[in-house]
There are 2 protein chains.
Amino acid sequence: MDIESIIDSISKLPEASRTKIIENTVPVTYPKGHILIHADTLETSVYFIKKGIVRAYVNHEGNDITFWFGTAGETIISMKSYVENKRGIESIELLEDCELYRLQTTKLQQLYLQDIHIANWGRKFAEQNLKTTEERLISSQFRTAKQRYRELLKNTPHLIQRVQLGHIASYLGITQVSLSRIRAEIK
Amino acid sequence: MDIESIIDSISKLPEASRTKIIENTVPVTYPKGHILIHADTLETSVYFIKKGIVRAYVNHEGNDITFWFGTAGETIISMKSYVENKRGIESIELLEDCELYRLQTTKLQQLYLQDIHIANWGRKFAEQNLKTTEERLISSQFRTAKQRYRELLKNTPHLIQRVQLGHIASYLGITQVSLSRIRAEIK
DNA sequence: TATTATTTTTTACAAATGATAAAAACGACA
DNA sequence: TGTCGTTTTTATCATTTGTAAAAAATAATA
């Protein structure tokens with residue numbers, strides 16, 4: 001997915017404003033397995049995914065807990081770095097070879113203060129993610145692991161094909177053993 | 001909490017911009033038990049809480065699932081109405097007599113397009129909520145109910161005093177019986 | 001292809017949580 | 001204060017999920 005489409009998919013921008021963002025992006029590629037963002041560091045860039053798939057995870061008592069998958073067209077941020085300019089708690093790992101666009105956060109923040117269209121575009125970005133995240137939170141509050149897995153199969157079937165099940169399990173908040181049981185039962 | 005402080009607590013605004021928002025707010029009061037926002041309707045206002053406490057909940061198979069508590073200084077929105085101008089999935093119930101400030105969403109949207117400071121203020125509002133919500137999601141993914149209850153006790157002790165335990169239980173994603181067990185065990 | 005490493009499934013048992021019903025505690029109010 | 005309705009706790013049993021270890025399947029590499 002090219003950078004113009006990614007930016008406009010968040011919210012349609014006037015040509016001039018969109019160009020201001022694009023001028024500041026740099027295409028980068030990294031191989032599968034690369035750790036793009038490290039937990040406990042201040043991340044100074046955001047990334048748009050042109051191609052590939054990534055996961056965000058936190059480490060908890062030696063285990064990785066995956067809480068987000070990003071695919072083509074989506075935006076990678078280190079939440080605390082982006083929102084509060086503090087060290088983030090999550091790491092980002094590339095699950096496939098990826099093509100990304102890098103954009104420096106400081107530059108983006110400048111544009112937010114200079115261009116009202118970009119400010120509203122940034123607002124839309126946060127709002128859309130907020131809605132999605134809240135829906136996931138609510139869903140996790142009353143659906144069983146089996147229901148959540150079914151939901152995932154239905155909404156993002158491509159994910160299960162491309163991502164190993166251990167990551168899916170932790171994304172669902174259950175163990176791999178438990179997911180395996182659910183899969184056996186459903187078939 | 002007065003309206004000036006509430007607005008500035010999200011992000012400090014220039015006097016003129018803040019005034020533009022405040023001019024469009026109307027103080028309203030409702031009694032405990034009032035349903036401020038109804039699920040499955042398009043909500044045309046947002047509310048700032050001057051005084052009182054509210055809960056946001058969705059209905060699932062006859063049971064209320066509380067997913068958010070709002071107290072003085074916080075902002076009440078119907079997420080889908082606010083972000084997508086569609087009917088919301090949640091209801092808002094006042095758990096105490098409340099004093100609120102009402103602001104029409106259409107007016108706020110106009111201000112977003114007219115005033116870059118307000119646009120960035122709205123961005124900050126969404127970003128802060130996004131960060132908080134994501135943290136809650138991550139926490140729920142690997143903490144047990146007992147740990148989440150302890151966390152709640154520690155972070156918002158006043159909540160447990162003022163809100164009935166059935167609401168707390170559903171907020172934690174467990175049954176009231178299960179919460180009661182946890183409480184008995186902890187003491 | 002053969003070998004090795006990684007991922008997924010299976011098994012057995014333990015712990016946590018859910019469902020249901022009843023008892024106890026609490027609060028509102030006549 | 002006494003009564004009634006609501007909330008919280010307790011008890012019992014069923015179900016789900018976790019833990020640990022091993023087997024099976026799959027993927028990576030020489």
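Quick note on labels: first sequence line is chain A, next is B, and so on, each numbered from 1.
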Task: Residues in contact with DNA chain D, drawn from residues 151-167 of chain A - heavy-atom cutoff 4.0 Å - done: none

Open item on the list: Would you say that more than 12 heavy atoms from the other residues, nucleotides or ligands in this model lie under 6.0 Å from the CZ of B/R162, or not?
Closed with: yes

TODO: With B/R55 as reference, evaluate B/E90, B/E93, B/E74 under the salt bridge (charged side-chain N to carboxylate O under 4.0 Å, His left out) test and give the passing residue.
DONE: B/E93

Which pairs of donor and acceptor atoms, one on a side chain in residues 42-49 of chain A, lie under 3.5 Å apart (sequence neighbours left out)?
from	atom 1	to	atom 2	distance (Å)
A/E43	OE2	A/S45	N	3.0
A/Y47	OH	A/R102	NE	3.3
A/Y47	OH	A/R102	NH2	3.4

TODO: Name the orientation class of the two ring planes belonging to B/Y112 and B/Y82 (parallel below 30°, tilted from 30 to 60°, perpendicular beyond 60°).
DONE: perpendicular

Open item on the list: If I take atom CD1 from residue A/I89 and atom NZ from residue A/K80, how far apart are they, to the nearest 0.5 angstrom?
Closed with: 7.0 Å

Open item on the list: Check this for me: does any side-chain nitrogen of one of A/K32 and A/E96 sit under 4.0 Å from a carboxylate oxygen of the other?
Closed with: no

Task: Interatomic distance, B/Q176 CD vs C/dA16 P [rounded to whole Å] - done: 21 Å

- [ ] Any side-chain hydrogen bond (donor to acceptor under 3.5 Å, both in side chains) involving residues 126-139 of chain B? Give me the pairs, sequence neighbours left out, ordered by first then second residue.
- [x] A/E84-B/K131, B/R123-B/E127, B/K131-B/E135, B/R136-B/Y171, B/S139-B/R143, B/S139-B/E151

Task: Atom pair CD/CG of A/E23 and A/L111 - distance to nearest 0.5 Å - done: 9.0 Å

- [ ] Count the heavy atoms of every other residue, nucleotide or ligand shown that sit under 6.0 Å from CZ of B/R150, and state whether that count exceeds 12.
- [x] no

Open item on the list: Expressed as a whole number of angstroms, how long is the span from B/N63:CG to C/dT17:C1'?
Closed with: 15 Å

Filtered N/O pairs between nucleotides 16-25 of chain D and protein, under 3.5 Å:
from	atom 1	to	atom 2	distance (Å)
D/dT17	OP1	A/A145	N	3.3
D/dG18	OP2	A/T175	N	3.1
D/dG18	OP2	A/T175	OG1	3.1
D/dG18	OP2	A/S178	OG	3.4
D/dG18	N7	A/R181	NH2	2.8
D/dG18	O6	A/R181	NH1	3.0

Task: Non-neighbouring partners of A/T156 that pass side-chain hydrogen bond (donor to acceptor under 3.5 Å, both in side chains), sequence neighbours left out - done: none

- [ ] Output the residues of residues 54-62 of chain A in contact with DNA chain C, where contact means a heavy atom of the residue under 4.0 Å from an atom of the strand; sort by number or write none.
- [x] none

Open item on the list: I'd like to compare against my own output: the B/S/- annotation of nucleotides 23-30 of chain C with a strict under-4.0 Å heavy-atom distance to protein.
Closed with: --------

Task: Nearest-Å distance for atom pair OH/P, residues B/Y149 and C/dA16 - done: 17 Å

Task: Remaining members of the apolar cluster that contains A/V177, side-chain heavy atoms under 4.5 Å - done: none

- [ ] Specify the angle, to 10°, made by the local axes at the two ends of the helix from C/dT1-D/dA30 to C/dA30-D/dT1 when five pairs are taken at each end.
- [x] 40°

- [ ] With sequence neighbours left out, write down each residue that passes side chain to side chain contact (heavy atoms under 4.5 Å, CB included) with B/N59, or none if nothing qualifies.
- [x] B/D64

TODO: Output yes when A/D2 and A/K50 qualify as a salt bridge under the 4.0 Å nitrogen-oxygen rule, no when they do not.
DONE: no

Task: Partner residues of A/H34 under the ring pair (Phe, Tyr, Trp, His ring centres under 6.0 Å) criterion, sequence neighbours left out - done: A/Y30

TODO: Go through the structure and list residues passing side chain to side chain contact (heavy atoms under 4.5 Å, CB included) with B/I160, not counting sequence neighbours.
DONE: B/Y149, B/L152, B/L153, B/I168, B/R183

